[in-house]
Amino acid sequence: MWDYTDKVLELFYNPQHQGAIEDKGEAGIKVAVGDVGSIACGDALRLHLKVEENTEKILEARFQTFGCTSAIASSEALVELIKGKTLDEALKVTNKEIANYLGGLPEAKMHCSVMGQEALEAAIYNYRGIPLDTHEDDDEGALVCTCFGISDVKIRRVIVENNLTTAEEVTNYVKAGGGCGSCLANIDDIIASVQKEKVSATAVSNSLNQTNGKSAVKPLTPVQKIALIQKVLDEEVRPVLIADGGDVELFDVEGVSEAGRESVLRVKVILQGACGSCSSSTATLKIAIESRLRDRVSKDLVVEAV
């Protein structure tokens, strides 16, 4: 018997948001759907969002989940967390917040909270017309776990967002390595790569934040924020994309506020070359670009492709 919290059991036995949302063609209202998981692999989640178009506010959310107690409870928790939020606000909800809302999940069930986060992103990207990487035709060697169809991009992301340090933890969060186990060595390599990147990023960040031996504490001005975004794109992101035949160009930055008065930054970019037509373009936006800009510029930052 899994050691579930009272909150998990409460939401499992008495879910309030199960079902679908019918698109009735209401003026100014749009219904979006996001699908993740696979019944063949044991878990599947379809999330429905009813969105007010002029404000992008989530008016209603419902879910259809095939899975265990944790999967259903995580889906219910997700809906509770995003109700009434705008899409940009909802995108900031992490699998950690879902797990915390439930009072915690068993380590081996953390993948249920990750599934909820991914379903939310899938629904929002579908709403905005951003293509998703489904890994259905992964012929470029990016598929790491063939048992569960998990790509290197997904593994890398969950490692970064949850500070995972072992292959066992990765298995708990995304199931990769939980089948035949032949991919565990590759997972260890990805973990080592992420840790190396963190060390490098910390060194760069410390260098940028040191002024005459003292930490810089003044907030960035709007002009400095835009300049830093361009610098990160040019020096840290573009070289990696160009090496794979792609590229990125800064198109616009919206929501830049005066120093000391933070607001959500909407960084609009144009993906070019191989990135423009790649099925992994969503992962490129979220991991290669957005995560780096959040680390360097502002946590309240969202990257969108135009």
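Count residues from 1 along the sequence.
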Without swapping roles, check the side chain of [X] against the backbone of [Y] for a donor-acceptor pair under 3.5 Å.
X      : Y      : answer
Glu121 : Glu118 : no
Ser193 : Asp189 : no
Lys175 : His111 : no
Thr5   : Val8   : yes
Glu169 : Thr165 : yes

Side chains of [X] and [Y]: does their closest heavy-atom pair fall under 4.5 Å?
X      : Y      : result
Leu47  : Val36  : no
His17  : Lys83  : yes
Leu164 : Ile191 : no
Lys109 : Cys68  : yes
Arg292 : Val237 : yes

Return the minimal non-hydrogen interatomic distance between [X] and [Y], and the atom names on each side.
X      : Y      : answer
Lys7   : Tyr101 : CG-O, 3.6 Å
Cys145 : Gly177 : SG-N, 3.6 Å
Leu102 : Ala73  : CD2-O, 3.7 Å
Arg62  : Ala20  : CD-O, 3.5 Å
Leu11  : Glu76  : CD2-CG, 3.8 Å
Ala90  : Ile82  : CB-CG2, 4.1 Å

For residues Arg157 and Ser291, is any side-chain donor paired with an opposing acceptor at under 3.5 Å?
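No - no donor-acceptor pair under 3.5 Å links their side chains.
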His48-Glu22 side chain donor-acceptor pair, cut-off 3.5 Å
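Result is no, nothing qualifies.
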Please identify each residue that fulfils salt bridge (charged side-chain N to carboxylate O under 4.0 Å, His left out) with Lys92, with sequence neighbours left out.
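With sequence neighbours excluded, Lys92 shows a salt bridge (charged side-chain N to carboxylate O under 4.0 Å, His left out) to Asp300, given in chain and number order.
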How would you list, by chain and number, every residue that makes a salt bridge (charged side-chain N to carboxylate O under 4.0 Å, His left out) with Glu56, sequence neighbours excluded?
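By the salt bridge (charged side-chain N to carboxylate O under 4.0 Å, His left out) rule, Glu56 matches Arg128.
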Give a yes or no on this: more than 12 heavy atoms of other residues, nucleotides or ligands lie within 6.0 Å of atom [atom1] of [X].
X     : atom1 : value
Lys57 : NZ    : no
Asn54 : CG    : yes
Arg46 : CZ    : no

Checking side-chain contact (heavy atoms from CB on, under 4.5 Å) for the pair Asp88/Glu304: CA distance, chi angles, key distance, verdict?
CA-CA 11 Å; Asp88 285 338; Glu304 301 174 357; 4.2 Å; yes
Enter the distance from [X]:[atom1] to [Y]:[atom2] here, rounded to the nearest 0.5 Å.
X      : Y      : atom1 : atom2 : answer
Ile187 : Thr171 : CD1   : OG1   : 5.0 Å
Lys85  : Leu91  : NZ    : CG    : 11.5 Å
Glu97  : Ser113 : CD    : OG    : 11.0 Å
Ile289 : Arg238 : CD1   : CZ    : 11.0 Å
Cys112 : Leu78  : SG    : CG    : 12.5 Å
Asp35  : Gln64  : CG    : CD    : 8.5 Å

Can you check side-chain contact (heavy atoms from CB on, under 4.5 Å) on Val302 and Glu89, steps first, answer last?
CA-CA 10 Å; Val302 175; Glu89 290 170 341; over 6 Å; no
Single-linkage hydrophobic cluster [X]~[Y], side-chain heavy atoms < 4.5 angstrom:
X      : Y      : value
Tyr125 : Val31  : no
Ile124 : Ile29  : no
Ile21  : Leu49  : no
Phe63  : Val33  : no
Leu59  : Tyr127 : no

Walk me through it: do Ile150 and Val144 pass the test side-chain contact (heavy atoms from CB on, under 4.5 Å)?
CA-CA 6 Å; Ile150 309 298; Val144 174; 5.9 Å; no
Could you give me the CA-CA distance, side-chain angles and deciding distance for Lys96 and Asn163, then say whether side-chain contact (heavy atoms from CB on, under 4.5 Å) is met?
CA-CA 11 Å; Lys96 286 183 179 180; Asn163 297 314; 3.8 Å; yes
